[in-house]
There are 2 protein chains.
Amino acid sequence: MSKSAAKRLLPKVPDLPGASRRQQYSQSTKRALVEAALEQFSERGYAATSLDAIVAQAAVTKGALYHHFTGKQALFEAVFERIESEAAADIAASVKGVKDPWEKSLVGLRAFLEVVQQPTYRRIVMQEGPAVLGYERFREQEERTSFAIVLDVVHGVLATGAWELDQPMVETFSRIFFGALASAGESVSGAEDAEAASARVEAAIGFLLLGLRKLIDDGVAFADPVGDKS
Amino acid sequence: MSKSAAKRLLPKVPDLPGASRRQQYSQSTKRALVEAALEQFSERGYAATSLDAIVAQAAVTKGALYHHFTGKQALFEAVFERIESEAAADIAASVKGVKDPWEKSLVGLRAFLEVVQQPTYRRIVMQEGPAVLGYERFREQEERTSFAIVLDVVHGVLATGAWELDQPMVETFSRIFFGALASAGESVSGAEDAEAASARVEAAIGFLLLGLRKLIDDGVAFADPVGDKS
DNA sequence: TCACTCACATACCGTTGGTACGTACTCACA
DNA sequence: TGTGAGTACGTACCAACGGTATGTGAGTGA
């Protein structure tokens, strides 16, 4: 056995023009690790994926992994953040130009149902996410991405009412819709006819939104059990 | 070291009067294993609890564990089923006598919010469940317990409408409400003031149900995008 | 060019889930 | 009341895994 056999295969072309060669190489291996982990985690799941398999696919060793990340969970978190931010960007882009709150909610709903049908998003974010990160960290991540969009949309819808809701009450409504979307999304991606299932979800949530709108348009008051309503 | 030191401490009193002593002892150790696992899993989580810790608390060895269960996951599944069935029984009992579908939904909502505040249920069923069992097996379990109740309640509510919905459409509505309940429940159990959070959730979902009722009472038609409506 | 540092590679460790096998106890049947 | 068989475990062990300590060569700034 020679000193060190066949390592350092040629890295990607420099993608950070302002950085030194060392930094470019470093970023390259880090990206390779995240991509390999993303593939393995989404295929086999977190627990069933070994670090050896990840570093083998990334063509590095565990030394490199532990140089860039503090451990397996941190690597997962990097994967999670990437998937989540991409998905949130997709949804945010779709509702970008829409002005009317009710139409905005429907457009956002469709975009979310699109995202949640991606196997990778489903597995990494919705399935493994809460268990691997712990519910607290999972929620912190979502708070800044997907949930923030839902919060924005729901706030817009509820603001069409004559009465005002305080922040906790808007968040409660958003949590409810967020959970509904998540569960509905899972049922869509798990269905044999995803097209039909997606249409059903859209119709059902649309109907709920219609009911909400009717209450608001008819001037039905919402009784906040906690907040002080002036 | 003597041959076998201090084993076989006196088991529980016979709890299966019709069974033989062997079967009683066997059931006793099996129950001890499930109870120890329940405690450990709900405190430390699935991945962080070792089988050694479980068998130590149950005062048996791994031989006993692998005699009764095929592995760690099967043991978790036993714990899961127990928690789930107890919770479902609680909720089912609360909505038992209620006739009016709308009141039934509100009563069931309160019962579910009660259940979901139990740390054990939250951790075992909602957090670790999907990841450990896999989403498919998780869903199979829920299908027979909690979700079945939601399905029943939602079916009752939707049946007050003039139009009829086919089974997939009712299931879609139920999935949506189930997800909403789950997410809302988590936000309740994670809140610092659980009382206020619970009241908010109840008000919000109650408002959504009120909107649904208004649509139905006003005779607004629901357009099923898939099912053939005669 | 030369010391220094960063980005890894290598070798190793403790713990874990799981297995193979031995053994004490129970129970039907003589 | 023995006695063989089978059950219900206990004991010893293994392979695989996540993680760590340490070595090392290429890249960088002087």
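Quick caveat: nothing in here was measured; it's all calculated off a predicted structure.
In this structure A/A64 satisfies the side-chain contact (heavy atoms from CB on, under 4.5 Å) test together with A/V60, sequence neighbours excluded. Residues satisfying the side-chain hydrogen bond (donor to acceptor under 3.5 Å, both in side chains) criterion with A/Y121, sequence neighbours excluded, are A/E84. For B/F173, the ring-ring contact (aromatic ring centres under 6.0 Å, His included) partners at least two apart in sequence or on another chain are B/F222. A/S85 pairs by the side-chain contact (heavy atoms from CB on, under 4.5 Å) definition with nothing, not counting sequence neighbours. By the side-chain contact (heavy atoms from CB on, under 4.5 Å) test, A/S174 is found to be paired with A/F147, A/V150, A/L151, A/V154, A/V170, residues two or more places apart in sequence or in another chain being considered. Partners of B/F138 according to the ring-ring contact (aromatic ring centres under 6.0 Å, His included) rule, which considers only residues two or more places apart in sequence or in another chain, are B/F80. Scanning for side-chain contact (heavy atoms from CB on, under 4.5 Å) contacts around B/R137 gives B/E77, B/L133, B/E140, B/Q141, with sequence neighbours left out. Taking B/R139 as the reference, nothing meets the side-chain hydrogen bond (donor to acceptor under 3.5 Å, both in side chains) condition, with sequence neighbours excluded.
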Each nucleotide in nucleotides 15-20 of chain C should get exactly one letter: B, S or -. Can you fill that in based on protein heavy atoms under 4.0 Å? -SBBB-
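Of the charged side-chain nitrogens involved, none lies within less than 4.0 Å of a carboxylate oxygen, so that A/R175 and A/E171 do not count as a salt-bridged pair.
One atom, CD1 of A/I54, and another, P of D/dG18, lie 8 Å apart when rounded to the nearest Å. As a whole-Å value, the separation of B/Q24 CD from C/dC25 P is 18 Å. Rounded to whole angstrom, the span from the CD atom of B/Q27 across to the P atom of D/dA8 amounts to 9 Å.
For the pair A/S26 and C/dC8, the criterion of a side-chain N or O lying under 4.0 Å from OP1 or OP2 is met. Residue B/T29 has a polar side-chain atom (N or O) positioned under 4.0 Å from OP1 or OP2 of D/dC9. Contact annotation: A/S20 reaches the phosphate of D/dT28 (side-chain N/O to OP1 or OP2, under 4.0 Å).
Residue pairs meeting the salt bridge (charged side-chain N to carboxylate O under 4.0 Å, His left out) criterion with at least one partner in residues 190-199 of chain B, sequence neighbours excluded, are absent.
Under 3.5 Å, the side chains of A/R122 and A/S189 contain a donor-acceptor pair of N or O atoms.
Note on the helix from C/dT1-D/dA30 to C/dA30-D/dT1: angle between the axes of the first and last five pairs equals 10°, rounded to 10 degrees.
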Using atom names, set out every protein N or O paired with an N or O of nucleotides 3-6 of chain C below 3.5 Å, distance rounded to 0.1 Å.
from: C/dT5; atom 1: O2; to: A/R22; atom 2: NH2; distance (Å): 3.4
from: C/dC6; atom 1: O4'; to: A/R22; atom 2: NH2; distance (Å): 2.4

